[in-house]
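This structure is a prediction, so every number in the text was calculated from the model and none was measured. The analysis underlying the following values was restricted to heavy atoms, covering all of them including side chains, and did not include hydrogens, waters or symmetry mates. Atoms within each ligand, like the ligands themselves, are counted from 1 in listed order.
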Amino acid sequence: MRVLVIGSGGREHALSLALARDPEVTSLHAAPGNVGIARLAELHPVTATDPDDVTALAARLGADLVIIGPEAPLVAGVADALREKGIACFGPDAGAAMIEGSKSFAKDVMAAAGIPTAAAHSCVTADQAAAALAAFGPPYVVKDDGLAGGKGVLVTTDAAAARQHAEDCGKVVIEEFLDGPELSLFALCDGAAAIPLLPAQDFKRARDGDRGPNTGGMGAYTPLPWLPDDLAGQVMDTVVEPAIGELRRRGTPYRGVLYAGLCLTASGIKVVEFNARFGDPEIQVVLDRLATPLAGLLYGAATGSLAAAPPPRWTPGAAVTVVIAAEGYPEKPVSGDVIEGLDDAERPGASYVLHAGTASGETGSVVSAGGRVLDVVGTGPDLTGARAAAYRAAASIRMRGGWYRKDIAERAAADAAADS
Ligand code: AMP
Ligand code: GLY
């Protein structure tokens, strides 16, 4: 199978790594890719959000499957264009990707399908925003309606800051605060059938102890020892199946991954958000544990034959990823710092490094080129071992201004160790 991956971050590096291991994949291409992906796939320049450009590249390469990593190309209709040309594509059409592209659309789908989520109001004017904030009370949750790379959400007890964020964004969704641990569940969908992958937990805040601003995600781990056993099944029944059923009824069948961002509240599981792509960095740890070859699963989702694909199998043990961020992330990340120690971080069977925001520097060096620069992945028989491997690898990387959270999976590892 000839496979083309669209995107250039840590998620696409993780996808490329899993695809490169898959014996069914005879040739692997990525566009635009990054320095790390270049070791696994042939890279091609592309404007990822341009449907004609991506379609022309896929046709030229004779791609049997195109996997779209980030949300922007999906919302721009790249998947629609590929399917129109008869090219199998993993990723929803623009109409279905609205589940991520518009928070108010997602809320509408959830209301129609009876999916549990925070009560919410869509607001356009300052008066509407003020009324909604007063109705819910603190902590206030104010969400930019459109795509904001995970950074459009403000959770605060400061009413003036909440009003200001609403004004800055224009159209917002203001909602009830959900209290409880969060998790991400990815379901592969082929328009009709859906299967869940392993749940993972992301750390969205920039600083240790869940302080600081929201980011795209500072680290993740799987499995989640604290989850009720039947949780994935329950999420499929109450969230994923109703959502894809509703989208099918609306004439926009969902093909790709439906990312359910969930909160385990005192009154049960509730949806925080939907995304139309894999979570980054959660998919890095999920793919680390996937024993089933990836291409067949994604091809099944792309071609409506998921029900016939073998169910995913998982490697026992745990994986933890720690994001190494650039100075100034998330507000104003600094680029161009030389990264050293990448080889020291690679230990077969224990740790490896995925590139999230890197570029080639002078004389063969690798330099930072984004806010989230690297994802260091550690594995082990349990979370304690996986954390140790990830942090040992993170400590061996040297980059001016680089920093990372020190508490990824700390609590889950300690609780699991205390229980065993
Ligand atoms: P979103 O982009 O909707 O996932 O929001 C980003 C982050 O903001 C989430 O992962 C949560 O940590 C937080 N958040 C979003 N909505 C809520 C909510 N209703 N209650 C509490 N926290 C929220
Ligand atoms: N890690 C959160 C996201 O991908 O949206």
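- Taken from CG in Asp179 to CG in Leu264, the straight-line distance is 11.0 Å, to the nearest 0.5 Å.
- Using a 4.0 Å cut-off between heavy atoms, Asp179 makes no contact with ligand 1 at all.
- The part of Glu176 lying near ligand 1 is the backbone, judged by heavy-atom distances below 4.0 Å.
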Going through the distances and angles, do Lys143 and Glu273 end up as a salt bridge (Lys or Arg N to Asp or Glu O under 4.0 Å)? CA-CA 10 Å; Lys143 301 186 171 188; Glu273 63 164 346; over 6 Å; no
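- In summary, Asp208 and Lys406 do not engage in a salt bridge, as defined by a charged side-chain N under 4.0 Å from a carboxylate O.
- Heavy-atom proximity to Glu282, at under 4.0 Å, picks out these atoms of ligand 2: 1 (N), 2 (C).
- Those atoms of ligand 2 with a heavy atom of Lys204 less than 4.0 angstrom away are 2 (C).
- One finds no salt bridge joining Arg411 and Asp210 here, because no Lys/Arg side-chain nitrogen approaches an Asp/Glu carboxylate oxygen to under 4.0 Å.
- In this structure, Arg205 falls outside the shell of residues with a heavy atom less than 4.0 angstrom from ligand 1.
- Atoms of ligand 1 found under 4.0 Å from any heavy atom of Val153, numbered from 1 in the order shown, are 1 (P), 2 (O), 3 (O), 5 (O), 6 (C), 8 (O), 15 (C).
- Annotation for ligand 1: atoms under 4.0 Å from non-hydrogen atoms of Phe177 are 20 (N), 21 (C).
- Aromatic rings of Phe278 and Phe90 (six-membered ring for Trp) have centroids within the 6.0 Å cut-off, being under it.
- Looking at Val141 against ligand 1, only its side chain comes within 4.0 Å, counting heavy atoms.
- Using a 4.0 Å cut-off to heavy atoms of Lys143, the atoms of ligand 1 that qualify are 3 (O), 15 (C), 16 (N).
- Side-chain N/O atoms of Asp168 and Gln164 include a donor and acceptor closer than 3.5 Å.
- Neither the backbone nor the side chain of Glu100 comes within 4.0 Å of ligand 2, counting heavy atoms alone.
- A donor-acceptor pair is defined here as one N or O able to donate and one able to accept, closer than 3.5 Å; no such pair exists between the side chain of Arg372 and the backbone of Val323.
- Below 4.0 Å from some heavy atom of Asn214 lie the following atoms of ligand 1, by number and element: 7 (C), 8 (O).
- Between Arg205 and Thr215, the closest heavy-atom pair is C-CG2, 4.2 Å.
- If you number the atoms of ligand 2 from 1 as listed, the ones under 4.0 Å from a heavy atom of Gly279 come out as 4 (O).
- Between Trp403 and Tyr329, the ring-plane angle classifies as tilted under the 30° and 60° cut-offs.
- Within the listing of ligand 1, atoms 1 (P), 2 (O), 3 (O) sit less than 4.0 angstrom from a heavy atom of Lys103.
- A side-chain donor-acceptor contact under 3.5 Å links Ser104 and Asp145.
- Ligand-side atoms of ligand 2 in range of Asn275: 5 (O), range being under 4.0 angstrom from any heavy atom.
- Judged as a side-chain contact (heavy atoms from CB on, under 4.5 Å), and not counting sequence neighbours, the contacts of Ala88 are Leu65, Tyr299, Ala302, Thr303.
- Set against the non-hydrogen atoms of Glu175, the atoms of ligand 1 under 4.0 Å away are 16 (N), 17 (C), 18 (C), 19 (N).
- Residue Ala118 has no nitrogen or oxygen atom sitting less than 3.5 Å from a nitrogen or oxygen atom of ligand 1, judged on distance alone.
- When the heavy-atom distances from atom 12 (O) of ligand 1 to Lys204, Lys270, Glu182 are ranked, the shortest goes to Glu182.
- No heavy atom of Arg11 sits closer than 4.0 Å to any atom of ligand 2.
- Counting heavy atoms from C-beta on, the side chains of Pro199 and Val235 never come closer than 4.5 Å.
- Close N/O approach between Arg372 and ligand 2 is not found [any backbone or side-chain N/O within under 3.5 Å].
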